[in-house]
**Q** 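There's a structure below that I have some questions on.
Residue numbers start from 1 in every chain, and the chains themselves are labelled A, B, ... in the order their sequence lines are given, proteins ahead of strands. Excluded from the calculations below are hydrogen atoms, water molecules and symmetry mates; all remaining heavy atoms, backbone and side chain alike, are included.
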Amino acid sequence: VVVEDQPDVSAVLSAYNQQGDPTLYEEYYSGLKHFIECSLDCHRAELSQLFYPLFVHMYLELVYNQHESEAKSFFERFHGDQECYYQDDLRVLSSLTKKEHMKGNETMLDFRTSKFVLRISRDSYQLLKRHLQEKQNNQIWNIVQEHLYIDIFDGMPRSKQQIDAMVGSLAGEAKREANKSKVFFGLLKEPEFDVPLDDEDEEGENEEGKPKKKKPKKDSAGSKSKKQDPNAPPQNRIPLPELKDSDKLDKIMNVKEAARRVRLGPDCLPSICFYTFLNAYQGLTAVDITDDSSMIVGGFADSTVRVWSVTPKKLRSVKAAADLSLIDKESDDVLERIMDEKTASELKILYGHSGPVYGTSFSPDRNYLLSCSEDGTVRLWSLQTFTCLVGYKGHNYPVWDTQFSPYGYYFVSGGHDRVARLWATDHYQPLRIFAGHLADVTCTRFHPNSNYVATGSADRTVRLWDVLNGNCVRIFTGHKGPVHSLAFSPNGRFLATGATDGRVLLWDIGHGLMVGELKGHSDTIYALRFSRDGEILASGSMDNTVRLWDAVKAFEDLETDDFTTATGHINLPENSQDLLLGTYMTKSTPVVHLHFTRRNLLLAAGAYSSQ
Amino acid sequence: MEPAKMASPKSAPKDAQVMAQILKDMGITEYEPRVINQMLEFAYRYVTTILEDAKVYSSHAKKSSVDADDVRLAIQCRTDQSFTSPPPRDFLLDIARQKNQTPLPLIKPYSGPRLPPDRYCLTAPNYRLKSLQKKVSSSAGRITVPRLSVGAVSSRPSTPTLGTPSAQAVSVSAKVGTPVSLTGQRFTVQIPSSQTTVKAATPTTPTVQNVLINPSLIGPKNILITTNMVSSQNTSGESNPLKRKHEDDDDYDNL
């Protein structure tokens, strides 16, 4: 594919052909400002949304047409009026003073090509339109039509508080139609096992959840109904690897542990066990813990990946080929015999990357480890030989996050090139490319049913992508800073997101709405995790605290609301304080990772920083 | 690392003060003090490079002095070369559309570890032991080879004539293509002279047998280490068969 850079750029920038007399821009803007400030209270909040995009577009137009002094005085006069959460963008904008500066800035270019979306009620819109179509304000009307997309909804105009909760992203809000497609957020049917008897030929019931059975078997503590959940994807919607014997054994262990699981709630909070990385002068940048909490991996800024065993059982690698041929393959403990006792150690260091390691992920079967780095590659390591197996090259820029699918085989990675890629371990090229974000993809997570991928980005939006066809099925706006953590609830219906603005936002995936806002943290939230049954949401942040929130209560009030409204927003109650169950402070250790064990003990990890 | 205190403005040179002001204007408040030095170095190096390029372009255009156009051209060329940015959005959307059209491939059941074809993996050995003479029992590509031989010979002042007891010629070619799964191990291949057979036909007598194979982890160099030495290259002779010679390291340059 031939990329024609220069023609594209000038085509984009030519959208800034002269719109009226440059010296009058200040007049136009202040005229609009005066009109909006004099309008009725109920409309003012909504119409104030226009200030920021108009300001930016008018400024950039002046710069493009090389009216430097007018641009400078325009900026000086009006940049202080903008909302506080746009200050970072405005600072970047202030450094763009010449036309040449604009050509090099990808983010600003994307800002131009994608229309800024505003959601305004019909009444406010009529008011605005009537005013702008009067003769002297025609210029602003032209700019509005050209660079803004106004998504009109029928309903009450929104209050300032409601608007503030949902704006903040680089491209405005999300159009209502972007969040209307059907999403299969239900879980896939798990194969059933008769736990005491270790009966293993039950996959026949797994197919499509049909009630046909060959022989009657006892139900385990799994699904009770054999009917297909209408919100769950069909079993074969995407190809998934079949269960191996070791996977089945693991699942049986899981069920056994689940029976011993602590039921959490507001009056039964989890115990928190914190793993502090001491003397991590190498710079701890990523942490992951296996599902059964047996191993912990740390990715460091010195490009090493270190794996520790959390249990007393040490890490061993398999024997060399010559020795393997000597062991008795039929013995019961063959899996023990293939391990080389001489290599037993608590720590294994993996070398291979040539840049800081920003993301790590264990495979569900604990055989593989993924790590992604600033050198643009994602590496697959074997946890049986502790060597690197594959380097997946595709992003040519730093890769910020990676994660294995809950069923293994697939993994997703997101990086500086603004796309997330879906890979399979046996393909050296990605299977899907999720393109659409305006800035770096900083966080990638699979949905529990492995059919969807959520990505958080530096453009302050969170998008949900369909693995089957690569389409973006949901766009969630509302964060005021880059999104750094995502967590799906175990039932697959809700998504929690955390960003540098210190807020945790809760989203209903099926309806595509923001359903909760948890305020409390004062710094970036790097870790979010739901407990095993979804009763508690734990969040860990750079402000050295772990906070526990009542997830059941946060989501239960929704049952009564009628949010199939086309307005696209519901009234968010101010209940952060009610939902906060506990705040746990560490001694100057930012929290980088959170993990609930199978019995609902909360593990947390971070590197001690001595400031 | 803790953010150290910044140098007092009184003692810092003017350039450093300007740089500190720039950082403040861009909203960066916490930084280590050496960041200013680093930024100044970068600025100096960048401007020098641009001006040098501009001088070249101006002399190519047979102009008497450097003007703004030359500088503009120099900036543009350097930007395309050194500061690449990610692809533009429409290009990404285009390739995404192409890639997302193909259906997800079916998964073959019961196929063991699911890895890409060996060519794309890092599981292959990154060196190969190649023997020139049939008597050498070492097989190619095994780690166990170095363990076979014992003892070392040093170089002898031998002439390329018949009759000189020559040690075996082992040519080791180590190809370091992709980073390997082996951790950095040093293999010392020591070929004893006692196992030699007089191969009268060979004009070159290999003398130095200490070969260090160091499969490097990083760097795609092709290292071909051979012990086929022209005798004239050997300097001092030593009759002690067990003494190692450090001139062996020169051998790496002889291919």
**Q** Determine whether A:Val419 and B:Ile95 make a side-chain contact, defined as any pair of heavy atoms from C-beta on separated by less than 4.5 Å.
**A** no
**Q** What part of A:His395 gets closer than 4.5 Å to chain B, counting heavy atoms only: side chain, backbone, both or neither?
**A**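 For A:His395, there is no contact with chain B at all, as no heavy atom is under 4.5 Å.
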**Q** Closer than 3.5 angstrom, by distance alone: can the side chain of B:Arg89 be matched with the main-chain N or O of A:Ala435 as a donor-acceptor pair?
**A**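 No.
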**Q** Is chain B contacted by the side chain of A:Ser95, its backbone, both, or neither, given a heavy-atom distance below 4.5 Å?
**A** side chain
**Q** Is it true that a side-chain atom of B:Asn100 and a backbone atom of A:Ile433 form a donor plus acceptor pair closer than 3.5 Å?
**A** yes
**Q** A:Leu240 versus chain B, heavy atoms under 4.5 Å apart: side chain, backbone, both or neither?
**A** backbone
**Q** Out of curiosity, A:Arg432 CZ to B:Leu104 CG, how far, rounded to the nearest 0.5 Å?
**A** 4.0 Å
**Q** In terms of heavy-atom proximity below 4.5 Å to chain B, should A:Tyr397 be classed as side chain, backbone, both, or neither?
**A** side chain
**Q** Does A:Lys115 NZ have over 12 foreign heavy atoms under 6.0 Å away?
**A**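 Atom NZ in A:Lys115 is crowded, with more than 12 foreign heavy atoms closer than 6.0 Å.
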**Q** Less than 4.5 Å apart, any side-chain heavy atom of B:Lys108 and any of A:Asp426?
**A**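 A side-chain contact under 4.5 Å is absent here.
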**Q** Of all of A:Thr385, A:Leu422, A:Asn396, A:Leu431, which one pairs up most often with chain B through heavy atoms under 4.5 Å apart?
**A**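 Among A:Thr385, A:Leu422, A:Asn396, A:Leu431, the one with the most close pairs to chain B is A:Leu431.
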**Q** Any idea which heavy atoms bring A:Asp417 and B:Pro86 closest together, and the distance?
**A**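 It is CA-CB, 3.8 Å.
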**Q** If you measure from CE on B:Met26 to CZ on A:Arg91, what distance do you get to the nearest 0.5 Å?
**A** 7.5 Å
